[in-house]
Amino acid sequence: MQSVAEIAAHLDLPVGAVRVLLGDLVARNLVRIREPHLTVGPTEHSIFEAVVNGLRAL
Amino acid sequence: MDYGHSERPSDAAPLPTAIKILIAGGFGVGKTTLVGAVSETRPLRTEEVLTESGVGIDDLEGVETKRTTTVAMDFGRITISDDLVLYLFGTPGQDRFWFVWDELALGAIGAVVLADTRRLADCFPSIDYFEGRGTPFLVAVNCFEGARRYRLDEVQAALNLDPEVPVLLCDARQRESAKEVLIMLVEHAMKIRAARRAD
Ligand SMILES: Nc1nc2c(ncn2[C@@H]2O[C@H](COP(=O)(O)OP(=O)(O)OP(=O)(O)O)[C@@H](O)[C@H]2O)c(=O)[nH]1
Ligand SMILES: [Mg+2]
């Protein structure tokens, strides 16, 4: 998984251009989009805890 | 466009959860340095070319002027586990790019506002922005050499911060220090979200 910003940096292309390219790839089912989205509730809490523990372990 | 496929690529492998944190603050305060200190890759710079509608002399003739500007953004990544990735985004320093911020802030769990005690007021726009959006944030005072050391409560008072906004000292160049800042932010965001859920 890569973020749009990451792809843009690697390809050395403007974010806007990458977004257009990705849009075409999504339309062809070649790429999936994952929103930085969190579900509310206990899952969210356990994700945050995992982030804290992961950072501590770095 | 619909090509009539119902299957999607690699549906079997679940995508990792992406967590986004913003690193904001005034010009030259150490945003890029902090992203680089904790990121597993060197901070990537992405450039966005923007077309701005300018208000110029041409408007008198009813012709809209357009010019393009480049905004640079820092970007870092920390892989926590196979199914959890933390992304760090340094916000562009220039205040006029608020609309870029809006996009960056979407889905962000929280923000680090970096402050330099020699130019404390530089972080006011960031603080106002996150307060207005209800984005959990903390203030990390980057300790430059030669800067007078302020007590944390002095910084809190000078920035007119809510008492619950965490303020801490950091050294953006040190990985351990940057880690501590991020941990405190995530814990703060957790607390705020729990409180909002309880309301
Ligand atoms: N002494 C000291 N210098 C620092 C510290 N953090 C950053 N610097 C230096 O300050 C300068 C600016 O840091 P950057 O990380 O580029 O700041 P920035 O916020 O990304 O700057 P812009 O993107 O231009 O707004 C660099 O030369 C850093 O090496 C710090 O904690 N202590
Ligand atoms: Mg920078």
Side-chain angles (χ1 to χ4, degrees), chain A, chain B residues 1-3 5-11 15-21 38 40-41 43-51 70-71 73-81 83-87 89 100 103-104 106-109 175-176 178-180 182-187 189-190 193-194 196-197:
Chain A
M1 187 183 68
Q2 298 245 311
S3 70
V4 174
E6 213 168 355
I7 296 168
H10 282 309
L11 297 179
D12 204 12
L13 286 172
V15 175
V18 169
R19 209 169 272 135
V20 172
L21 285 170
L22 288 175
D24 290 348
L25 293 173
V26 167
R28 284 168 179 73
N29 262 339
L30 294 170
V31 167
R32 269 197 294 168
I33 292 173
R34 170 51 84 76
E35 300 286 342
H37 162 88
L38 285 173
T39 44
V40 182
T43 348
E44 173 189 296
H45 191 81
S46 60
I47 290 171
F48 276 54
E49 276 189 334
V51 173
V52 169
N53 292 332
L55 283 169
R56 286 223 171 89
L58 276 188
Chain B
M1 226 179 291
D2 185 4
Y3 290 90
H5 293 268
S6 57
E7 79 275 14
R8 293 178 149 249
S10 61
D11 253 353
L15 285 167
T17 301
I19 305 284
K20 181 153 85 169
I21 288 177
V38 277
E40 65 200 24
T41 52
L44 295 173
R45 291 187 75 73
T46 67
E47 303 225 311
E48 180 81 281
V49 179
L50 303 165
T51 309
T70 306
V71 197
M73 281 170 284
D74 300 309
F75 172 78
R77 167 183 177 136
I78 301 169
T79 304
I80 303 277
S81 67
D83 43 27
L84 195 52
V85 179
L86 181 61
Y87 287 113
F89 286 85
V100 177
E103 198 165 308
L104 282 177
L106 210 66
I109 63 156
R175 185 178 166 86
E176 284 306 312
K179 260 169 64 175
E180 191 192 333
L182 295 180
I183 290 168
M184 191 178 272
L185 174 66
V186 176
E187 286 176 340
M190 249 165 118
R193 290 169 93 106
R196 284 187 192 153
R197 236 178 289 141

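Not measured: the values here are computed from a predicted model.
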*What are the two closest non-hydrogen atoms of A50(A) and L84(B), and how far apart are they?*
CB-CD2, 3.5 Å
*Is it the side chain or the backbone of V85(B) that comes within 4.5 Å of chain A heavy atoms, both, or neither?*
side chain
*Counterpart residues, salt bridge (charged side-chain N to carboxylate O under 4.0 Å, His left out), relative to E176(B) (two or more places apart)*: K179(B)
_Less than 4.5 Å to any heavy atom of chain A: does that hold for the side chain of I183(B), its backbone, both, or neither?_
both
*asked:* Taking side chain as everything from C-beta outward and backbone as N, CA, C, O, which of these in A194(B) sits under 4.5 Å from a heavy atom of chain A? Side chain, backbone, both or neither.
replied: neither
*Please report the shortest heavy-atom distance between S3(A) and F75(B), naming the atom on each side.*
OG-CZ, 3.0 Å
*Hey, does V51(A) have a side-chain heavy atom less than 4.5 Å from the side chain of I109(B)?*
no
*Could I get the full list of side chain to side chain donor-acceptor pair (under 3.5 Å) partners for E187(B), not counting sequence neighbours?*
R56(A)
*Report the distance from atom CD of E44(A) to atom CD1 of I19(B), rounding to the nearest 0.5 Å.*
8.5 Å
*Please flag which part of I78(B) lies under 4.5 Å from any non-hydrogen atom of chain A: side chain, backbone, both or neither.*
side chain
_Option in N53(A), V18(A), L58(A) with maximal non-hydrogen atom pairs under 4.5 Å from chain B_ = L58(A)
